[in-house]
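Residue numbers begin at 1 in each chain, while the letters A, B, ... track the order of the sequences. All of these numbers come straight from a predicted model, not from anything done at the bench.
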Number of protein chains: 2
Amino acid sequence: MLALTERPEVISFAGGLPAPELFDLDGIRASFDAVLGSPGVLQYSTSEGSPALREEVARRYTADGLETAASELIITTGSQQGLGLLATALIDPGDTILVEEPCYLAALQTFALAGARVVGIPYDDDGLDLDALDRMAAEHAPKFFYTVPTFQNPTGRTHGLGSRRRIAEIARQRGFRIIEDEPYRQLRYSGDPLPSLAAFAPDHVLSLGSFSKVIAPGLRIGWIRTTPDVRPTVTIAKQAADLHTSTIDQAAAAHYLVSGRGEPALDRIRSAYAERRDTMLDVLPSVLPAGSTWNRPDGGMFVWVRLPEGMDAAASLGAALAQDVAYVPGASFFSGPPDERTLRLSFTTYPPASIREGLSRLGTAWGAGG
Amino acid sequence: MLALTERPEVISFAGGLPAPELFDLDGIRASFDAVLGSPGVLQYSTSEGSPALREEVARRYTADGLETAASELIITTGSQQGLGLLATALIDPGDTILVEEPCYLAALQTFALAGARVVGIPYDDDGLDLDALDRMAAEHAPKFFYTVPTFQNPTGRTHGLGSRRRIAEIARQRGFRIIEDEPYRQLRYSGDPLPSLAAFAPDHVLSLGSFSKVIAPGLRIGWIRTTPDVRPTVTIAKQAADLHTSTIDQAAAAHYLVSGRGEPALDRIRSAYAERRDTMLDVLPSVLPAGSTWNRPDGGMFVWVRLPEGMDAAASLGAALAQDVAYVPGASFFSGPPDERTLRLSFTTYPPASIREGLSRLGTAWGAGG
């Protein structure tokens, strides 16, 4: 199936790829060139990460309203590594952890690999089922609750202020940690920014961040904002994992952040993605089968669609691929019984004209006109 | 103790750091600049690694006498990650693995973290105890034997041709794998190159390689030369670990290898390190206590010293540090009862004059004249 979606003629809404034409190639190249003027960037470094880079990331958290010291941060080789390190540090085989239902697929795989028992908490357009969270926490004494609070993958959903407060309160009362995964936080196109969960339960929240969506994924730079109690264990796990993240890439990222080129570049990315989201939302009503529903995310990369009663997103993919258009059926994002009517559409990879064309093909495939 | 060895006035033979002034900074910078001309290097990539880089590494193995296809290689974020991925893929808690005694410390830690029971096979100047390897393999049915066959860390020792043949034969007969870790293979200053263990038991040997010692450690690029039976498991473990190694660093490394600048740069490194080794070996007789012994490695970064009867390398470190010179006591490299008289000296970090000065301080510390 993957091979089919990767044919060049296919317009694929399946991937979660940033648009490469929006990368600030010149700015990033200039930063690599600048830091490669001194041999220190080619040497071994410390497992926690470059002090200059940690300082810059900490400064951004603090400016964003969450006071953070460089010493709280551990740089990782992308936030996938952050997930893996936390799984290693926190999960003993047989432990229960809680996730949103549906949930980011690679997180489900990482937790399964670590031997966790995964329990999903219902999450729909009305928000997370907070009573279920409280009940499941009481019942299972989970090690942690994993959440992508802002513009979630796969649904594009965001926990509102009230939910955030209450999730943090439940974690404090029931005594479990929260892993807050925030790769999309800065990709906001409408609505007001919301505080990090760490603001409401500082001792309970571990935050994951990444430059993959805001600078470039090829850099493989993410970080963990740690609490003091897990910091030593996570640092040892990081050292065992790969000694440290590329010294060169860390130095270039720190230089790029200081250069001031990052903000205008991110503004260009946000404007372009906002237009792509709007294009998708404009076209969807005319191409999806009657009775379909979908959300209007304030940011991120994804729209979550639910097909009408009687349709199955996986079974309907063949007809779409026959028209050279692809998406991801939602079933794989569920830890429990899946909602077979759901699917994920990414709106970031293509310019508006291709989004129109791809969605029109979807309409043709499903006989919804266009 | 680490804090003491890192004071700037200390000449430290303790580290295993390449000499930064020998890095080909201009060549590496030119390669980064060249590949950062196209946005593809900033995008997500495949977990197995860049096809161009795998092709170049495969070509080098084949030129070195070990026929290798790009598809056999998985690029890792340094060879520490390779070790970790193999530990994840091969070790179940309680499994026995065999190591050389003494052995590379980070490998011992990685195997312990994976829950392995580690059994050491005596390894001295006369070579590995092959009868013990055969006996322990029969007794413990180990998952694998881990070896640094060429210019070992910590001892600088190398398995000769006969040993290599016999180790491979025992692995085939007793049915265990070999993990062959080769970070120093290309740092040869005298003697003839020896074939990889994989040449003698192709189905049993997994080889780890790295650019850390021959291009630069800051790159964090290594690889695993896999056998077909473990390749899928290792690929999944790599994906879970960090999705993939930095696309930028991989592209730059591939470009650098093709540029032809790598060979002359490596020749300069080898010449400089050979002179440093010779300086150390020239000076050692006049500074070590009477009755000390040491080896004369054909390459790598380390000389292994054994102090005379009655001396303890850890207990003697304080006197050395008081003279602003440092080394690593050998005890930490043993999986079983340590030889307290041993210590490791690195000869790569400093130019000859500093090596003379540092060793002269050691002579002063230990009252051996100078």
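With chain B as the partner, the residue from A:Gly16, A:Gly15, A:Ser79, A:Gly37 showing the most heavy-atom pairs under 4.5 Å is A:Gly37. Taking B:His244, B:Gln109, B:Gln81 one by one and counting their heavy-atom pairs under 4.5 Å with chain A, the maximum is reached by B:His244. Among the candidates A:Ala241, A:Ala251, A:Gly78, A:Gly84, the residue making the largest number of heavy-atom pairs closer than 4.5 Å to chain B is A:Ala241. Interface remark: of the candidates B:Gln80, B:Gln239, B:Glu21, B:Gln250, B:Gln80 forms the most heavy-atom pairs closer than 4.5 Å to chain A. Contacts with chain A were tallied for B:Ala216, B:Ser212, B:Ser246; B:Ser246 has the most, counting heavy-atom pairs under 4.5 Å. Interface check for chain A: of the options B:Leu17, B:Leu36, B:Val41, the most heavy-atom pairs under 4.5 Å are formed by B:Leu36. Of all the listed residues (B:Ala240, B:Pro18, B:Gly218), the one sharing the greatest number of non-hydrogen pairs under 4.5 Å with chain A is B:Gly218.
To the nearest 0.5 Å, atom CG of residue B:Asp249 and atom CZ of residue B:Phe211 are 11.5 Å apart.
B:Arg220 touches chain A through its side chain: at least one heavy atom from C-beta onward sits under 4.5 Å away, while N, CA, C and O do not. Both the backbone and the side chain of B:Leu219 come within contact range of chain A, judged by heavy atoms closer than 4.5 Å. Both the backbone and the side chain of A:Thr77 come within less than 4.5 Å of a heavy atom in chain B. Residue contact with chain B, scored on non-hydrogen atoms closer than 4.5 Å, involves the backbone of A:Ser38 exclusively.
In this structure, the side chain of A:Asp95 engages the main chain of A:Asp92 through a donor-acceptor pair within 3.5 Å. Panel note: side chain A:Arg54, backbone A:Leu73; a donor-acceptor pair is recorded below 3.5 Å.
Geometrically, A:Arg276 does not engage A:Phe347 in a cation-pi contact defined by less than 6.0 Å to the ring centre and at most 45° from the axis.
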| B:Leu243/B:Tyr44 under side chain to side chain contact (heavy atoms under 4.5 Å, CB included): CA gap, chis, key distance, verdict | CA-CA 9 Å; B:Leu243 297 187; B:Tyr44 283 113; 3.8 Å; yes

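Contact annotation: the side chain of B:Phe144 approaches that of B:Ile91 to within less than 4.5 Å [non-hydrogen atoms, C-beta and beyond].
Taking the six-membered ring where the residue is Trp, B:Phe32 and A:Phe32 present parallel rings, their angle staying beneath 30° rather than reaching 60°.
Between A:Lys213 and A:Glu182, no side-chain nitrogen of the basic residue sits less than 4.0 Å from a carboxylate oxygen of the acidic one, so the salt-bridge criterion is not met.
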